[in-house]
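Working notes for the structure below.
On a predicted model such as this, the values are computed, not experimentally measured, just so you know.
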Amino acid sequence: MNIIKTENLCKDFGELKVLKDCSLEVAQGEVVCIIGPSGAGKSTFLRSLNRLEKITSGKIWLNDILIDDRKHGVNKVQMPKKEKEALLLDMGMVFQRFNLFPHLTVLENVMLAPVEVKGMKKEEAKEIAKELIAKVGLASKENVFPSKLSGGQQQRVAIARALAMQPKVMLFDEPTSALDPELVGEVLQVMKDLAKEGMTMLVVTHEMGFAKEVADRVVFMYQGEILEVAPPEKIFSNPEHERTRTFLQSVLNA
């Protein structure tokens, strides 16, 4: 089953075409990494999946259910609001910036959404939050405020917070780009562990080593288009598109 499917996704900002006919399918349990130069449309593509950006035209399916079929920005799909919101909750998202609530402890940050959005009982949410905080290696930091954590620790809390909603797919938008280099590894390790457990993941990343090791497929985007999709061994050793080759040479030899 495809968790996510897009067909001819387009996104315009006035005259600027940020996404151009982007079509992609992500199967259950698959890890797909999106690479490409800055301004390629990678983050916009990711944000369009959970409606943080409204597409101009194209189709989006979640769990094989069509939720967006747009032309000139107008969605032709009529779906009850609650049904659509429930579908969108199947997607967890981790951003470049951690966006933790500074006045809440680690435990409170992770508990908040299940209680407020899903209506989960506090005791149940607390139990799940404790498990997830331990899972990302921060059991000793439950009662600490975000300002007392390193960037890598904050990002791991952000991952635990997204997992607390029990999503079917995790979207990562350059989750290590705001981190000091020595903190990148601890976040990537959590993501590798998730991949091993079978979590469906769509990851925008500049970490080529992670994409090589963990991805089932790698997507190369350039100037708003998906130019190439292939397994990592193919895309890193023998890419078909000249633009892919040029990009990889520049980042791998940097």
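Applying the side-chain contact (heavy atoms from CB on, under 4.5 Å) test between V136 and each of R161, Q155, R156 identifies R156 as the sole match. When the options S23, S57, C22 are evaluated for a side-chain contact (heavy atoms from CB on, under 4.5 Å) with N8, the one that passes is S23.
Contact record, V115 with A125: CG2-CB, 3.6 Å, taken as the closest heavy-atom pair. Closest non-hydrogen pair, A164 versus V110, comes out as CB-O, 3.5 Å. The two residues A162 and P167 make their nearest non-hydrogen contact at O-CD, 3.5 Å. Taking each heavy atom of V94 and A158 in turn, the nearest pair found is CG2-O, 4.2 Å. Residues A215 and V218 approach most closely at CB-CG2, 4.0 Å, considering heavy atoms.
Under the 4.5 Å side-chain criterion, counting only non-hydrogen atoms from C-beta, I60 is in contact with I55. With a 4.5 Å cut-off on side-chain heavy atoms, V204 and F45 do not count as touching. Residues I65 and M79 form a side-chain contact, since some pair of their non-hydrogen atoms from C-beta on lies under 4.5 Å apart. Annotation: side chain of D64 is in contact with side chain of N2 (closest heavy-atom distance under 4.5 Å). With a 4.5 Å cut-off on side-chain heavy atoms, T105 and E142 do not count as touching. Two residues are said to be in side-chain contact when any heavy atoms from C-beta on lie closer than 4.5 Å; L24 and R217 meet this criterion. In this structure, F220 and P37 have side chains that are in contact, with non-hydrogen atoms separated by less than 4.5 Å. Counting heavy atoms from C-beta on, the side chains of M120 and Q166 come closer than 4.5 Å.
Residues passing the side chain to side chain contact (heavy atoms under 4.5 Å, CB included) test with D69 are K59, L66, N75, K76, V77, sequence neighbours excluded. Partners of E242 under the side chain to side chain contact (heavy atoms under 4.5 Å, CB included) rule, at least two apart in sequence or in another chain, are R245, T246. L149 pairs by the side chain to side chain contact (heavy atoms under 4.5 Å, CB included) definition with V106, K141, V144, Q153, Q154, V157, not counting sequence neighbours. Partners of N50 by side chain to side chain contact (heavy atoms under 4.5 Å, CB included), not counting sequence neighbours, listed by chain and number: L52, M91, M93, L171.
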Could you walk me through whether M208 and L248 pass the side chain to side chain contact (heavy atoms under 4.5 Å, CB included) check?
CA-CA 9 Å; M208 298 300 132; L248 288 172; 4.2 Å; yes

Show your reasoning for whether side chain to side chain contact (heavy atoms under 4.5 Å, CB included) applies to C10 and D21.
CA-CA 5 Å; C10 295; D21 291 319; 3.4 Å; yes

For side chain to side chain contact (heavy atoms under 4.5 Å, CB included), just list the numbers for M221 and L19, CA-CA rounded to whole Å, side-chain angles, deciding distance to a tenth of an Å, and then say yes or no.
CA-CA 10 Å; M221 289 187 71; L19 296 178; 3.9 Å; yes

Check step by step if side chain to side chain contact (heavy atoms under 4.5 Å, CB included) holds for I67 and L88.
CA-CA 9 Å; I67 65 160; L88 291 171; 4.0 Å; yes

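By the rule that hydrophobic residues join a cluster once side-chain heavy atoms approach within less than 4.5 Å of another member, L46 and F98 end up as members of separate clusters. V32 and F210 are members of different hydrophobic clusters when ILVMFWY side chains are connected at heavy-atom separations under 4.5 Å. I35 and L49 are not part of a single hydrophobic cluster, where members link through side-chain heavy atoms under 4.5 Å apart. Hydrophobic clustering places I159 together with M111 (ILVMFWY residues linked when any side-chain heavy atoms are closer than 4.5 Å, directly or through intermediates). Clustering ILVMFWY residues whenever any of their side-chain heavy atoms sit less than 4.5 angstrom apart, transitively, puts F172 in a cluster other than the one holding V169.
Remark: K122 NZ is loosely packed, at most 12 non-hydrogen atoms of other residues, nucleotides or ligands lying under 6.0 Å away. Annotation for K118: atom NZ counts as buried by contact number, over 12 foreign heavy atoms lying within 6.0 Å. Atom NZ of K126 sits in a sparse spot, with 12 or fewer heavy atoms from other residues, nucleotides or ligands closer than 6.0 Å. Heavy-atom neighbours of E127 CD from other residues, nucleotides or ligands within 6.0 Å: at or below the threshold of 12.
With rounding to the nearest 0.5 angstrom, the CD1 atom of I3 is 5.0 Å from the CG atom of N63. In this structure, CG on L100 lies 11.0 Å from CG on L112, to the nearest 0.5 angstrom. Taking NE2 of H241 as the start and CD1 of I235 as the end, the distance is 11.0 Å to the nearest 0.5 Å. Between the CD atom in E7 and the CD atom in E25 there is a gap of 9.0 Å [rounded to 0.5 Å]. Taking CE from M1 and CH2 from W61, the interatomic distance works out to 14.5 Å, rounded to the nearest 0.5 Å. To the nearest 0.5 angstrom, E207 atom CD is 12.5 Å from K212 atom NZ.
A donor-acceptor pair is defined here as one N or O able to donate and one able to accept, closer than 3.5 Å; no such pair exists between the side chain of K17 and the backbone of G224.
Residue pairs meeting the side-chain hydrogen bond (donor to acceptor under 3.5 Å, both in side chains) criterion with at least one partner in residues 222-233, sequence neighbours excluded, are Y222-R243, E228-T244.
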Ignoring hydrogens and angles, write down the donor-acceptor pairs under 3.5 Å from the side chains of residues 190-200, residues two or more places apart or on other chains.
| residue | atom | partner | partner atom | Å |
| --- | --- | --- | --- | --- |
| K192 | NZ | E213 | OE1 | 3.1 |
| D193 | OD1 | Q189 | NE2 | 3.0 |
| E197 | OE1 | K135 | NZ | 2.7 |
| E197 | OE2 | K135 | NZ | 3.0 |
| T200 | OG1 | G29 | N | 2.7 |

